[in-house]
Q: 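Dropping the structure in here first, questions after.
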Amino acid sequence: MKKKLVSLVLASSMVLSLAACGAQSTETAPADTQTAETAQTTDATATEAPAETAAETPAEPVGEQSINVCLASEPASLDPALNSAVDGATLINHLFSGLAKWGLDASGNLELQPDCAEELVEGVTNEDGTVTYTYTLRDGLTWSDGQPVTANDFVFAWNRAIAPETAADYGYMFEVVDGYADGKLNVNAVDDKTLEVTLANTVAYWDELLAFPTYMPVREDVVANEAWATDPSTYVCNGAYTMTSWDHNSLITITKNENFYDADKITMNEINFYLSDDANNQLANFENGDWQMIDDVPTNEIATLKETYPDEFVTAGQLGTYYVCWNINENILPASNTLTGADKAAAENEVRNALALLIDRNYIVNDVAQGGQVPASSFVAMGLTDADGSQFYENAGGNSFAGYYDVSEDAYEANWGAAIETLKKYYTFDEATQQFTDFPTLTYLYNTSEGHKAIAEAIQATFAGIGITMNLENQEWATFLDTRKAGNYSIARNGWLGDYNDPISFLDMWTTQSGNNDVQFGKGDNAKVQAYSLDITDLGYETKVENGTWSETYDVLISDIKTCTDVKTRYELMHRAEDLLMSTGCICPIYYYTDLYMISNNVQGFFSSPLGYKYFMYCTITG
């Protein structure tokens, strides 16, 4: 999920059921943002606000329970089908209830729990290999306007999410449901309380999908008003909270829903989500006590804040990757270039991968980001497991080092030399100045954030050192998402948090029709480029393509992954998908995410997940 915890150890220990969104978060820079068997409990402990020691007497909650927090600026959408960002998902998780949810067990570990469903049932395998799940909804489920929640609300919402006219970024997440290819999901309301769902085949992470915002129900008569999700008066939801006010670009207030089935466990009466992308403003409001939680801090203040607020400055693990993406349709060869077709695509792949070698990830992590991030050598994030239980990223690339680049500090000089030699093949190099003289001017797009800006400036300086001009352009979050999605950029910052704990959540987003395909693979001019090869005949498949299009190779490969039920083969297919993805050079990993935020010592009961979600419904404010 686009990113706008759990210590860092969590990133490597989190090997069971978690749910990627694009992220806006800005630890030091924001992110946009499964094992072989289904598991409902993680091995990881959720990040919680500091608690009193056993020797202390717990403080009592003070007054009417209300909390002021700031996650990000104005959300792009709070429609469960249209949201694709982590900050929006956090709000939706408070306002809506799906069949399942993430919560804490008695030991403080994250686990999947039934929500609208009475229980998370086992599926029944049918003779044709499809798998059917039958869910019974809890008694007394209601919408915020008092109408009952029915099984048909789920049927409608899920089919709406895949409808072309909805244009949901995450419509492809229903690809595992039987009927997706035909445009009508095999999901049926047996009666008002019984929902029957048939999957195309066994899906190890199915229960995790049920907790994902896109799988939340919406009501047909409500969403008939296209502006329903922008105004509290029309925002009908079924979760622990209702929206009581929305002062756009300033504040969203949500209030406890007394008719929620689990209302007696909701301890926070009101949550004020202040909307700001100004890290200095966030810090000022935290330090003066106005805001109890902030999700961003100024990069240049991190070292001081760690010392000044040792209990309130939190570094948490996340399943995510901060990266730079290229618009594949952007011309990056010199004006004198005469290459076309597959030859041109191959040259541009080489150029992008060479530029990726120039970026000093250790400098960015240690001197710019300063948040415990780990230099990234692959797109699939650290913490996701392979078929044998090892780290997926460690087995990527087929090199003597983990991943597709050697990101060790000792390798940087060799990486630099190799990159320069590759670029000399395509651009004029002045030996006297050690600069290229005919590289087209680039524009680097980022959303407003001091952290993103600092990283952009570091990359800008590196490229300038060899004669490449890269101008910087920043946009506010919602505009930035629209610009990047439309492909109106050349190079942009990006971030992705896994939507669930399976490598496919980092790979299926790059299919041609995916709403999260910001690189524009298979779109525009790239749709006709025949430059991609795929041979998986050694794995028992018939697919062998030489110089095919993106849709003939990558899209086919992702489809095969989603229908593969052999664990070892499935993971090998995912490695090959990442190999093809990374060969383009359009994805340039910078670091594996950590989540930096500040939360007041007076807040008890808060927790977050490595998927980037923050949970305030069980919080109390103490004296």
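As the structure is a prediction and not an experimental result, all values here were calculated from the model. Along the sequence shown, residues are numbered consecutively beginning with 1.
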Q: Under 4.5 Å between any side-chain heavy atoms of V365 and V374, yes or no?
A: no
Q: How far apart are the C-alpha atoms of D560 and R576, what are their side-chain angles, what is the distance that settles it, and do they pass the salt bridge (charged side-chain N to carboxylate O under 4.0 Å, His left out) test?
A: CA-CA 12 Å; D560 286 338; R576 296 193 189 185; over 6 Å; no
Q: Would you confirm whether N109, through its side chain, and D105, through its main-chain N or O, come within 3.5 Å as a donor-acceptor pair?
A: no
Q: More than 12 foreign heavy atoms under 6.0 Å from CD of E457: is that the case here?
A: yes
Q: In the structure I gave you, are the side-chain heavy atoms of F506 and E578 within less than 4.5 Å of one another anywhere?
A: no
Q: I'd like to check S378 versus Y592 (side-chain heavy atoms, cut-off strictly below 4.5 Å). Are they in contact?
A: yes
Q: Write down the atom of M574, the atom of I504, and the distance for their closest heavy-atom approach.
A: SD-N, 3.5 Å
Q: Please determine whether the number of non-hydrogen atoms from other residues, nucleotides or ligands lying under 6.0 Å from atom NZ of K453 exceeds 12.
A: no
Q: Is there a donor-acceptor contact under 3.5 Å from the side chain of T594 to the main chain of G371?
A: yes
Q: Does either side chain, that of S608 or that of D595, offer a donor lying less than 3.5 Å from an acceptor on the other one?
A: no
Q: Can you give me the closest heavy-atom contact between A345 and V529, atom names plus distance?
A: CB-CG1, 3.9 Å
Q: If only atom types and distance count, is the side chain of N517 paired as donor or acceptor with the main-chain N or O of T511 below 3.5 Å?
A: yes
Q: Closer than 4.0 angstrom, basic N to acidic O: yes or no for D502 and R570?
A: yes
Q: Kindly compute the distance separating CE (M582) from CD1 (I587), expressed to the nearest 0.5 Å.
A: 7.5 Å
Q: Scan W496, Y322, Y323 and name whichever one has a ring pair (Phe, Tyr, Trp, His ring centres under 6.0 Å) with F379.
A: Y323
Q: Kindly give the heavy-atom pair with the smallest separation between K523 and S514, and that separation in Å.
A: NZ-O, 3.7 Å
Q: Could you walk me through whether Y541 and L557 pass side chain to side chain contact (heavy atoms under 4.5 Å, CB included), step by step?
A: CA-CA 10 Å; Y541 292 84; L557 183 51; over 6 Å; no
Q: Which pair of non-hydrogen atoms, one from A577 and one from I558, has the smallest distance, and what is that distance?
A: CB-CD1, 4.2 Å
Q: Nearest heavy-atom pair of N395 and Q391: which atoms, and what distance?
A: ND2-O, 3.3 Å
Q: Donor-acceptor pairs under 3.5 angstrom involving side-chain atoms of residues 357-364: please list them, not counting sequence neighbours.
A:
unit_1, atom_1, unit_2, atom_2, d
D360, OD1, N362, N, 3.3
D360, OD1, Y363, N, 3.1
R361, NE, A376, O, 3.4
R361, NE, P589, O, 2.7
R361, NH1, A356, O, 2.9
R361, NH1, I359, O, 3.2
R361, NH2, A356, O, 3.2
R361, NH2, P589, O, 3.0
N362, ND2, V407, O, 2.7

Q: Would you check if S609 and W102 make a side-chain contact, meaning some heavy-atom pair closer than 4.5 Å?
A: no
Q: How long is the straight-line distance from CE of M173 back to OH of Y180, given to the nearest 0.5 Å?
A: 11.0 Å
Q: Between D388 and S390, does any side-chain donor sit less than 3.5 Å from a side-chain acceptor?
A: yes
Q: Under 30°, 30 to 60°, or over 60°: which ring-plane class applies to Y613 and Y615, parallel, tilted or perpendicular?
A: perpendicular
Q: Give a yes or no on this: more than 12 heavy atoms of other residues, nucleotides or ligands lie within 6.0 Å of atom NZ of K544.
A: no
Q: So that I can tick it off, tell me whether K344 and D525 are bridged by a salt bridge, with the cut-off set at under 4.0 angstrom between side-chain N and carboxylate O.
A: no
Q: If you measure from CG on D508 to CD1 on I561, what distance do you get to the nearest 0.5 Å?
A: 8.5 Å
Q: Using only atom types and a distance under 3.5 Å, with no angle test, would you say the side chain of Q520 pairs donor to acceptor with the backbone of K485?
A: yes
Q: Can you tell me how far CD of Q475 sits from CG of D482, rounded to the nearest 0.5 angstrom?
A: 9.0 Å
Q: Examine distances only and state if a side-chain atom of D169 and a backbone atom of N516 form a donor-acceptor pair shorter than 3.5 Å.
A: no
Q: Please walk me through it: do F313 and I302 pass side chain to side chain contact (heavy atoms under 4.5 Å, CB included)?
A: CA-CA 9 Å; F313 185 93; I302 289 176; 4.0 Å; yes
Q: Taking it one step at a time, do L110 and L104 satisfy side chain to side chain contact (heavy atoms under 4.5 Å, CB included)?
A: CA-CA 5 Å; L110 275 172; L104 299 182; 4.0 Å; yes
Q: State whether the side chain of N201 and the backbone N or O of K562 hold a donor-acceptor pair below 3.5 Å, judged by distance alone.
A: yes
Q: Please step through side chain to side chain donor-acceptor pair (under 3.5 Å) for the pair S551 and Y532, ending with a clear verdict.
A: CA-CA 9 Å; S551 64; Y532 310 104; over 6 Å; no
Q: Minimum heavy-atom separation for G612 to T90, with atom names?
A: O-OG1, 4.1 Å
Q: What I'd like to find out is whether the side chain of N337 reaches to under 4.5 Å of the side chain of Y426, using heavy atoms alone.
A: no
Q: Are F463 and F439 an aromatic pair by the rule of ring centers under 6.0 Å?
A: no
Q: Look only at the side chain of T543 and the backbone of I536, and say whether a donor-acceptor pair between them is shorter than 3.5 Å.
A: no
Q: Give a yes-or-no answer on whether the side chains of Y489 and D518 include a donor-acceptor pair shorter than 3.5 Å.
A: no
Q: With rounding to the nearest 0.5 angstrom, report the CG to CD distance, D535 to E542.
A: 12.0 Å
Q: Check L355, T584, V519 against W326 for a side chain to side chain contact (heavy atoms under 4.5 Å, CB included) and give me the one that passes.
A: L355
Q: Quick check on the 6.0 Å ring-centre criterion: do F174 and Y215 meet it?
A: yes
Q: I'd like to check T512 versus F521 (side-chain heavy atoms, cut-off strictly below 4.5 Å). Are they in contact?
A: no
Q: For the pair Y444 and H452, evaluate side chain to side chain donor-acceptor pair (under 3.5 Å) and give the outcome as yes or no after the intermediate values.
A: CA-CA 11 Å; Y444 184 99; H452 293 323; over 6 Å; no
Q: Should F401 and S377 be marked as a side chain to side chain contact (heavy atoms under 4.5 Å, CB included) after you check the CA-CA gap, both sets of side-chain angles, and the distance that decides it?
A: CA-CA 9 Å; F401 47 84; S377 58; 5.8 Å; no
Q: Would you say S490's side chain and E330's backbone share a donor-acceptor pair under 3.5 angstrom?
A: no
Q: Which residues pass the side chain to side chain donor-acceptor pair (under 3.5 Å) test with Y393, sequence neighbours left out?
A: none
Q: Can you tell me if N488 and T483 form a side-chain donor-acceptor pair at under 3.5 Å?
A: no
Q: Does a donor on one side chain and an acceptor on the other come within less than 3.5 Å for T385 and Y571?
A: no
Q: Got L507 and Y554 here, is their nearest side-chain heavy-atom distance under 4.5 Å?
A: yes
Q: So, the side chain of D386 versus the backbone of G389: is there a donor-acceptor pair under 3.5 Å, distance only?
A: no
Q: Measuring only between side-chain heavy atoms, which start at C-beta, is N331 closer than 4.5 Å to E348?
A: yes
Q: Examine distances only and state if a side-chain atom of D406 and a backbone atom of N415 form a donor-acceptor pair shorter than 3.5 Å.
A: no
